[in-house]
Protein chains: 2
Amino acid sequence: MDTGYREQINQLDRLRKALKSVGMKLTYQRMVVFEEVAKTNQHPDAEAVYEAVRRHIPSVSLDTVYRTLWLLRDLGLIRTLGPQREKARFDANPHRHHHFVCNACGTAFDFDSPQFDELTVSYKLELVGQVQTAHVELRGICRHCLESMPLRQEKEAKEA
Amino acid sequence: MDTGYREQINQLDRLRKALKSVGMKLTYQRMVVFEEVAKTNQHPDAEAVYEAVRRHIPSVSLDTVYRTLWLLRDLGLIRTLGPQREKARFDANPHRHHHFVCNACGTAFDFDSPQFDELTVSYKLELVGQVQTAHVELRGICRHCLESMPLRQEKEAKEA
DNA sequence: ACACTATTTAGGATTTTATACTATTTAGTA
DNA sequence: TACTAAATAGTATAAAATCCTAAATAGTGT
């Protein structure tokens with residue numbers, strides 16, 4: 001449950017390297033935000049992270065927490081559950097299908113996959129609760145964004 | 001791409017039956033909201049649904065659209081992408097894992113599954129974009145909610 | 001160790017998204 | 001056709017996320 005000391009060191013190191021690779025600074029705020037998200041398995045929302053960080057940095061601003069969370073996501077250090085920077089979206093497609101969510105623009109695409117449709121839920125999972133649906137969620141960069149995104153690609157090129 | 005006439009009839013029928021089964025009324029607003037969500041595969045957000053519905057019912061209120069969308073979800077006629085009625089949540093667990101999201105309380109649980117870890121993405125999907133992550137999302141009712149939810153169970157019992 | 005500068009932050013204003021409330025209207029039923 | 005519980009419109013309010021600018025800071029070179 002508790003995050004080991006060694007693992008904490010590793011995490012800080014991952015943060016340092018990731019920031020360096022894109023030419024950004026390692027600030028105390030960024031360290032604390034990452035640490036707070038990393039040490040829990042409760043999937044906190046931005047507000048909860050804000051509260052946790054305030055215990056270490058009482059003057060931290062909510063804006064900083066938001067900026068940092070999205071930054072960490074862009075760096076691949078954390079991920080979000082659900083759509084990207086987006087409000088709830090609705091889907092009435094009654095046929096079995098799966099989703100590809102673009103990490104850049106947030107758009108969600110449906111796709112069919114007989115392979116993924118065959119997912120079956122092992123009995124062990126019934127311990128967690130009553131499963132109603134199972135589907136696969138892919139994350140990545142959609143074709144459209146890949147083609148029109150010089151900024152991101154420049155940043156990544158710096159490192160190489 | 002276009003929703004066939006026959007399918008539209010089916011959908012209206014599904015709505016009628018679902019509402020009847022829980023003793024709720026079939027209103028014009030509910031028909032139009034459902035129709036608008038059902039006829040697109042663009043995963044509209046609430047605001048987009050509101051705009052679409054207004055073209056048929058200029059006086060419709062945003063509140064009605066929201067209430068109806070969540071109602072349709074509770075009835076199982078539509079689903080939402082991402083967490084339920086929840087803001088973005090963050091996850092720094094670097095180990096491969098999957099999620100169980102409770103449709104009642106919105107809580108997200110991690111779980112491990114060697115079986116799901118083996119998901120591989122067929123080359124065809126690369127047409128959609130560059131896939132970065134793949135994970136399984138289960139939806140259902142968590143153990144905690146199952147035990148403390150007489151309301152919902154009463155409603156479902158009515159039908160039987 | 002010190003100074004320099006682009007980056008980052010704090011704090012508050014603003015915008016966006018979602019829900020609450022109540023008088024009026026309506027669907028379903030007798 | 002009338003009745004009644006349920007649903008809606010319209011507005012107020014709350015909640016969540018982002019924007020803006022002066023002040024502070026990390027990283028770099030000296």
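So that the names make sense, note that chain A is the first sequence line, chain B the second, and so on, each numbered from 1.
- Between the CG atom of Leu19(A) and the C1' atom of dG27(D) there is a distance of 12 Å, given to the nearest Å.
- Atom CG of Leu15(A) is separated from atom P of dT8(C) by 12 Å (rounded to the nearest Å).
- Phosphate contact (OP1/OP2 of dT18(D), side-chain N/O of Trp70(A), threshold under 4.0 Å): present.
- Annotation: the span from Phe100(A) atom CZ to Gln132(B) atom CD amounts to 7.5 Å, rounded to 0.5 Å.
- Distance NZ/Lys17(A) to CG/Leu75(A): 14.5 Å, rounded to 0.5 Å.
- The CD-C1' distance, from Glu51(B) to dT16(C), rounds to 14 Å in whole Å.
- What separates CG of Asp45(A) from P of dT18(D) is a distance of 13 Å, to the nearest Å.
- One can place CD1 of Ile57(B) at 14 Å from C1' of dT25(C), the figure rounded to the nearest angstrom.
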* **Summary of protein contacts for nucleotides 2-8 of chain D, nucleotide by nucleotide, where a base hit scores B, a sugar-phosphate-only hit scores S (4.0 Å, heavy atoms)** => ---BSSB
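- One atom, CG of Leu62(A), and another, C1' of dC20(D), lie 15 Å apart when rounded to the nearest Å.
- His56(B) is listed as a side-chain neighbour of Glu36(B), based on a closest heavy-atom distance under 4.5 Å.
- One finds the NE2 atom of His97(A) at 12.5 Å from the OG atom of Ser113(A) (value rounded to the nearest 0.5 Å).
- Asp110(B) and His99(B) form a side-chain donor-acceptor contact under 3.5 Å, judged by distance and modelled atom types alone.
- With rounding to whole Å, Leu26(A) atom CG is found 11 Å from dT28(D) atom P.
- Taking only side-chain nitrogens and oxygens, Tyr66(B) comes nearer than 4.0 Å to OP1 or OP2 of dA18(C).
- Between Arg30(B) and Leu71(B) there is a side-chain heavy-atom pair separated by less than 4.5 Å.
- For Leu71(A) and dT18(D), the CG to P distance is 14 Å, given to the nearest whole Å.
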